[in-house]
Amino acid sequence: MRVLVSGGAGYIGSHTVVQLVAAGHDVVIVDSFANSKPAVIGRLEALTGRHLPVHAFDLTDRDKTERLFADEAFDAVIHFAGLKAVGESAQIPLEYYENNLDSTFSLVRAMRRHGVNLLVFSSSATVYGEHAPLPYREDYAPLQSSSPYGRTKVMIEHVLSDVAAADPQMRVALLRYFNPVGAHASGTIGEDPQGIPNNLMPFIAQVAVGRRDKLTVFGDDYPTADGTCERDYIHVEDLAAGHVAALNKLASTQEPVSIWNLGTGQGTSVMEMLHAFERAVGRELPYDVGPRRAGDQPQSWADPAKANAELGWQTCKTIDDMCADTWRWQSANPTGYEG
Ligand code: NAD
Ligand code: WQD
């Protein structure tokens with residue numbers, strides 16, 4: 001298929017581009033580089049051995065989006081583009097609602113106009129909110145989220161479901177990612193957060209490489225085995241494979257909307273992750289324990305059975321793989337893509 005990958009220069013998009021090309025798809029990237037570096041494209045071309053066409057513009061621009069679809073033919077769209085920092089979304093909510101919703105409207109509008117029917121969307125486990133029972137299952141309702149970021153995902157899930165229900169040609173996959181970590185085994189592409197990392201794994205990696213003094217563990221008095229929060233960390237390569245599987249499935253399914261959890265089904269605590277990273281690096285890493293972070297759930301993990309059964313997909317990487325691959329990327333690129 002000829003696949004338009006929005007946000008293809010970003011962390012998850014870039015890893016998915018490599019696997020799409022390996023699976024025989026033609027890839028076109030659109031990215032504003034609002035949260036990524038153009039340098040990633042050269043790395044992707046080296047990994048894939050292909051020239052990758054890139055359109056550098058903001059998808060909230062409806063005219064440019066329309067022109068792209070008028071000029072080029074696509075079979076499918078994978079829509080990663082969006083702003084994703086939970087804390088920042090509470091500081092600048094309007095920017096989050098505008099960017100994430102308007103980019104989706106403009107993309108789906110152009111898809112409808114030009115008869116592009118297959119859409120894979122990056123949703124998130126955050127849509128399960130505070131009250132869903134563990135493990136999280138796709139049939140849980142009502143969706144809700146405690147952040148403006150998360151609410152953009154809930155809203156977009158509703159928008160895409162409504163659009164697909166009204167159009168017999170359209171097939172939409174809503175992929176609910178759990179906690180993506182890790183990097184490509186080559187160590188040439190990986191997560192490159194701008195500023196102070198919000199997420200656990202890149203923070204630990206920056207402590208290990210000497211960019212940060214120590215990790216602060218956000219609370220050790222949760223009702224879990226070691227008192228720290230537990231999450232379903234999924235290797236970005238397993239996650240990327242889930243997109244290739246979802247795209248293939250969309251091409252044959254009769255379901256207008258398919259929802260799939262992409263997770264391992266296993267919880268790992270903050271302390272377990274820190275110790276796994278220490279094994280990867282071969283030394284202890286400094287940390288202290290601070291107060292809880294507002295909004296954190298004690299535990300979150302997927303029931304991946306639906307994705308396993310319907311996509312013929314399952315995760316194969318371990319926590320130690322996630323740490324070893326993150327460390328290979330971080331140690332080879334201590335300051336990210338512009339080192
Ligand atoms: P990322 O920030 O690395 O990648 C997103 C890319 O989209 C960036 O390259 C950015 O420049 C681009 N972008 C943003 N707004 C755009 C716009 N209006 N027009 C064009 N390009 C735009 O993030 P990621 O971690 O790769 O996440 C990809 C998607 O997955 C996002 O939608 C995110 O919300 C979702 N998601 C991420 C996680 C996670 O923990 N990383 C978890 C669940 C869901
Ligand atoms: C994991 C654990 C922290 C940093 C977020 C979004 C979610 C999804 C994935 C997009 C928690 C603890 C963290 C640190 C710490 N993204 N931690 N010290 O919050 O599970 O999920 O990313 O959709 O929507 O909310 O991930 O990596 O921020 O935190 O102790 O410096 O690590 O308290 O328990 P989270 P995270």
Side-chain angles (χ1 to χ4, degrees), residues 5-16 29-38 40-41 55-61 64-65 78-87 89 95-96 98-104 106-107 120-128 145-147 149-150 152-153 156 175-181 190-194 196-204 206-207 212 214-220 222 224 228-234 236 239-240 243 262-263 267-271 273-274 287-301:
V5 181
S6 88
Y11 171 46
I12 303 167
S14 58
H15 289 80
T16 303
I29 293 170
V30 57
D31 201 301
S32 64
F33 297 102
N35 195 41
S36 51
K37 297 281 164 45
V40 71
I41 303 300
H55 298 272
F57 68 84
D58 189 322
L59 282 161
T60 63
D61 185 326
K64 286 185 180 160
T65 307
I78 305 185
H79 182 28
F80 293 102
L83 300 176
K84 64 163 183 177
V86 171
S89 77
E95 279 77 358
Y96 271 68
E98 280 181 347
N99 188 75
N100 292 2
L101 292 168
D102 283 350
S103 61
T104 305
S106 137
L107 203 45
V120 177
F121 173 64
S122 301
S123 189
S124 166
T126 191
V127 303
Y128 289 108
S145 184
S146 57
S147 70
Y149 161 73
T152 70
K153 295 297 182 190
I156 294 167
L175 303 185
R176 295 181 180 159
Y177 313 157
F178 280 69
N179 288 62
V181 298
E191 187 170 12
D192 180 19
Q194 309 306 299
I196 300 171
N198 300 300
N199 298 111
L200 179 66
M201 189 67 134
F203 203 104
I204 296 176
Q206 290 195 8
V207 172
R212 313 267 158 214
K214 61 175 170 17
L215 173 72
T216 296
V217 175
F218 296 145
D220 67 353
Y222 285 96
T224 58
T228 66
C229 292
E230 295 169 351
R231 295 288 181 273
D232 186 341
Y233 296 97
I234 176 171
V236 67
L239 187 61
H243 290 73
L262 297 184
T268 300
S269 76
V270 175
M271 289 309 296
M273 189 54 110
L274 177 65
Y287 75 94
D288 63 12
V289 177
R292 292 181 176 194
R293 184 174 67 178
D296 273 340
Q297 297 296 305
Q299 296 173 306
S300 159
W301 57 82

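Predicted, not measured: the structure shown is a model, and the values here were computed from it. Counting starts at 1 for both ligands and their atoms, following the listed order.
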Under 4.0 Å, counting heavy atoms only: does K84 come that close to any atom of ligand 2? no
Within the 4.0 Å heavy-atom shell around [X], which atoms of ligand 1 are there?
X	answer
A81	7 (O), 13 (N), 16 (C), 21 (N), 22 (C)
S124	43 (C), 44 (C)
S36	8 (C), 9 (O), 11 (O)
Y149	33 (C), 34 (O), 35 (C), 36 (N), 44 (C)
S123	43 (C), 44 (C)
F33	11 (O)
F57	19 (N), 20 (C)
G7	6 (C), 7 (O)

Which bit of S6 gets closer than 4.0 Å to ligand 1, counting heavy atoms only: side chain, backbone, both or neither? neither
Which one holds for K153 and ligand 1: side chain close, backbone close, both close, or neither close, with close meaning a heavy atom under 4.0 Å? side chain
Straight-line distance of [X] [atom1] to [Y] [atom2], nearest 0.5 Å:
X	Y	atom1	atom2	result
L59	T65	CG	OG1	4.5 Å
D192	K37	CG	NZ	5.0 Å
L101	S106	CG	OG	12.0 Å
Y222	T228	OH	OG1	9.5 Å
L262	R176	CG	CZ	11.0 Å
M271	T224	CE	OG1	11.0 Å

Check whether any side-chain heavy atom of [X] lies under 4.5 Å from a side-chain heavy atom of [Y], and answer yes or no.
X	Y	answer
T60	S103	yes
K84	N35	yes
L175	V120	yes

Considering only heavy atoms of [X], which atoms of ligand 2 have at least one such atom less than 4.0 Å away?
X	answer
V270	2 (C), 12 (C), 30 (O), 32 (O), 34 (O)
L215	14 (C), 18 (N), 31 (O)
V86	6 (C), 25 (O)
C229	34 (O)
N198	4 (C), 28 (O)
Y233	1 (C), 2 (C)
Y149	10 (C), 23 (O), 24 (O)
V217	30 (O)

Heavy-atom neighbours of F33 CZ exceed 12 at 6.0 Å: yes
Heavy-atom proximity to [atom], best of [options]:
atom	options	answer
atom 30 (O) of ligand 1	F80, Y233, Y177	Y177
atom 35 (C) of ligand 1	S122, P180, P193	S122
atom 17 (N) of ligand 2	F178, Y222, Y177, F218	F218
atom 15 (N) of ligand 1	N199, N99, D102, I156	N99
atom 18 (N) of ligand 2	L200, T216, D220	T216

What about A34: any of its N or O atoms under 3.5 Å from an N or O on ligand 1? yes
Under 3.5 Å between any N/O of I12 and any N/O of ligand 1: does that happen in this structure? yes
Could you tell me whether ligand 1 has any atom less than 4.0 Å away from a heavy atom of S14? no
To the nearest 0.1 Å, how far is [atom] from its closest protein heavy atom, and which atom is that?
atom	result
atom 10 (C) of ligand 1	D31 OD1, 3.4 Å
atom 25 (O) of ligand 1	K84 NZ, 2.8 Å
atom 2 (O) of ligand 1	N35 ND2, 2.7 Å
atom 8 (C) of ligand 2	S124 OG, 4.0 Å
atom 33 (O) of ligand 2	D296 OD2, 2.6 Å
atom 20 (O) of ligand 2	R231 NE, 2.5 Å
atom 19 (N) of ligand 1	L59 N, 2.9 Å
atom 4 (O) of ligand 1	G10 CA, 3.4 Å
atom 22 (O) of ligand 2	N199 ND2, 3.3 Å
atom 14 (C) of ligand 1	G82 N, 3.3 Å
atom 21 (O) of ligand 2	N179 ND2, 3.6 Å
atom 3 (O) of ligand 1	Y11 N, 2.8 Å
atom 29 (O) of ligand 2	R293 NH2, 3.3 Å
atom 16 (C) of ligand 1	S32 OG, 3.6 Å

Sub-3.5 Å donor-acceptor pair from the side chain of [X] to the main-chain atoms of [Y], do we have one?
X	Y	result
K153	S122	yes
Y11	S36	no
S6	A81	yes

According to the interplanar angle, ranging from 0 to 90°, do the rings of Y96 and Y149 count as parallel (below 30°), tilted (30 to 60°) or perpendicular (above 60°)? perpendicular
If I compare all heavy atoms of [X] with all of [Y], which pair ends up nearest, and what's the gap?
X	Y	answer
G10	D31	N-OD2, 3.8 Å
A9	I41	CB-CD1, 4.4 Å
F203	P197	CD1-O, 3.6 Å
G82	N100	CA-OD1, 3.3 Å

Please report whether the ring centroid of F80 lies less than 6.0 Å from that of H15. no
